[in-house]
Protein chains: 2
Amino acid sequence: MLLARIQKLSVAIPENLAEMLEEEIIFGRLKSQERLTEEMVAARYGVSRSPVREALRLLERDGLVTREARRGIWVSPMSQRDFDEVYTCRIELEGLVAKQAAESADIEKKAEFKSLLSELKQAQARNDARQFFIVDVRGSFLTYTLAGNKTLTRLLGGLEKQALRYRYHAYEQDPKIIQLSLDDTGRIYDAIMAGDGESAKAMTENLIREIWQSMRAGIRDAFGEG
Amino acid sequence: MLLARIQKLSVAIPENLAEMLEEEIIFGRLKSQERLTEEMVAARYGVSRSPVREALRLLERDGLVTREARRGIWVSPMSQRDFDEVYTCRIELEGLVAKQAAESADIEKKAEFKSLLSELKQAQARNDARQFFIVDVRGSFLTYTLAGNKTLTRLLGGLEKQALRYRYHAYEQDPKIIQLSLDDTGRIYDAIMAGDGESAKAMTENLIREIWQSMRAGIRDAFGEG
DNA sequence: CGACACCATATTGTATACAATGTACAGGTC
DNA sequence: GACCTGTACATTGTATACAATATGGTGTCG
């Protein structure tokens, strides 16, 4: 509904289902560790279990649900440990993708960062967190596209969604979190547009590391160490 | 058959199918861009299309097959571009996992590297590339286990398999490639056992970078730039 | 009273039937 | 002769029926 739709206009049922469930999970309407039965999901969306199974496989791939053979499927638990895992990986991979994006020669695509940044500012000004996150994710995907590294995009796609769960939770508790990253994000976009790969990489790593550290205690209090 | 079996003794059909197909792809019995129809695979292994579909989803997750909606499924093409993608990601993530493994306090598990190293030497002495790769992969999974980072393991699982395709191909062309990494691998194992995370990380990054560079031209000649 | 075994039920796993769609080839038209 | 169109076929996508298994409760035996 939100993330994958940016990538392609696919109309396949499993992908659409997955997108909708993703959004439910990211924005907390499906809570951590809540159980999902195939039949329930199928009934709810008016389809059979076949496409539901495939959708759940996709969510499993992206770490949003956890499956135990013949036992069932649950929304993946959140914990400080999981949060740390996601963020240590993100530091490395987001840094790499920022560098590769900066090294791209696609001037026109790079220019899109300008409008994205103003959209981010608007969303921030209106305190519209949901819109902020949506635009932020579009920025991530633009970076991925520029980097032109399908493998890296595939890996980051999953991490991004897991990370967003934590970020949205943090926002709910303290809305000013979305202000934290705006200035740095702008500087990173500038470095990418300027073709300064090393700088984009370093700033991205720092930004993610900072967000990680600033959120860490709150995550532990909310979900435990894990 | 080879890789996943190390992780668990699962007997689920889709996982087993995926393992067997993985091995076929890694060792080149299923060639790059060869088409796979669900019915074909199902008939070959004597099961219905349902578990085959799930197995193919798993392979898709790990980048070994490429799916186009309603068009079909192919063994993922190999190319220098794809090779570069896999290796730039591996440098970051394998470095990270080596560091986190070194920081583990699980002495007993760490000791397993000793026997692994001697197994590697044996395989090398006998010029048994297949065995060498199998043991090497076990070393990777031991490292992943020590790191105790499920997210990172999930990400690397896929990359590892893609990388192994290229490594086995390179071996077929020039068997001495398996000697390249043995000494460095030993030093990395030592650093992990000694708890020297930064050193393990640096050496791992260097090793993978070296392997990458040394294989790059051969990959291009064999599969094109992509 | 506790523990173990057994059975009922809920849920996932697999097989199969049917639907939708993309591809290739044949035929016709300009 | 080239290009477009329509139809047959191959293949994936979805629905449904059935099988296997894990869970929870109940009853019985020690």
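Chain letters run A, B, ... following the sequence lines, proteins first and then strands; every chain starts at 1.
- Seen from the ring of Y87(B), R209(B) does not count as a face-on cation partner, given the 6.0 Å and 45° thresholds.
- A heavy atom closer than 4.0 Å to some atom of DNA chain D occurs in V47(A), S48(A), these being the qualifying members of residues 35-48 of chain A.
- Cation-pi check for R167(A) over F133(A) is not met; the charged atom does not lie both under 6.0 angstrom from the ring centroid and within 45 degrees of its normal.
- Using cut-offs of 30° and 60° for the angle between ring planes, the F141(B) and Y144(B) rings count as perpendicular.
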I'd like a list of close polar pairs between nucleotides 23-25 of chain C and the protein, N/O only, cut-off under 3.5 Å.
from: dT23(C); atom 1: OP1; to: R71(B); atom 2: NE; distance (Å): 2.4

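- Taking 4.5 Å as the limit, some side-chain heavy atom of D84(A) sits within range of a side-chain heavy atom of R216(A).
- In this entry the distance linking CZ of R53(B) with C1' of dA15(C) reads 14 Å, nearest Å.
- In this entry the distance linking CG of L17(B) with C1' of dT14(C) reads 12 Å, nearest Å.
- Within residues 55-69 of chain A, no residue has a heavy atom under 4.0 Å from DNA chain D.
- Both S50(A) and R70(A) sit near DNA chain D, but only S50(A) has its closest nucleotide nearer the 5' end.
- A side-chain N or O of S140(B) and one of E160(B) form a donor-acceptor pair less than 3.5 Å apart.
- Every residue was checked against the ring pair (Phe, Tyr, Trp, His ring centres under 6.0 Å) condition with F132(A), not counting sequence neighbours, and none meets it.
- When the P atom of dA19(C) is taken as reference, atom CD1 of I13(A) falls 15 Å away, rounded to whole Å.
- Among residues two or more places apart in sequence or in another chain, the side chain to side chain donor-acceptor pair (under 3.5 Å) test is passed with Q80(B) by none.
- The side chain to side chain donor-acceptor pair (under 3.5 Å) search around E225(A) returns none, not counting sequence neighbours.
- The closest donor-acceptor contact from the side chain of K110(B) to the backbone of S104(B) lies under 3.5 Å.
- Atom pair W74(B):CH2 and dT11(D):C1' shows a separation of 10 Å (rounding to whole Å applied).
- Side-chain atoms of Y166(A) and D82(A) form a donor-acceptor pair, as typed in the model, at a separation below 3.5 Å.
- Contact record, G63(A) with Q162(A): O-NE2, 3.6 Å, taken as the closest heavy-atom pair.
- Contact annotation: R49(A) does not reach the phosphate of dT16(D) (side-chain N/O to OP1 or OP2, under 4.0 Å).
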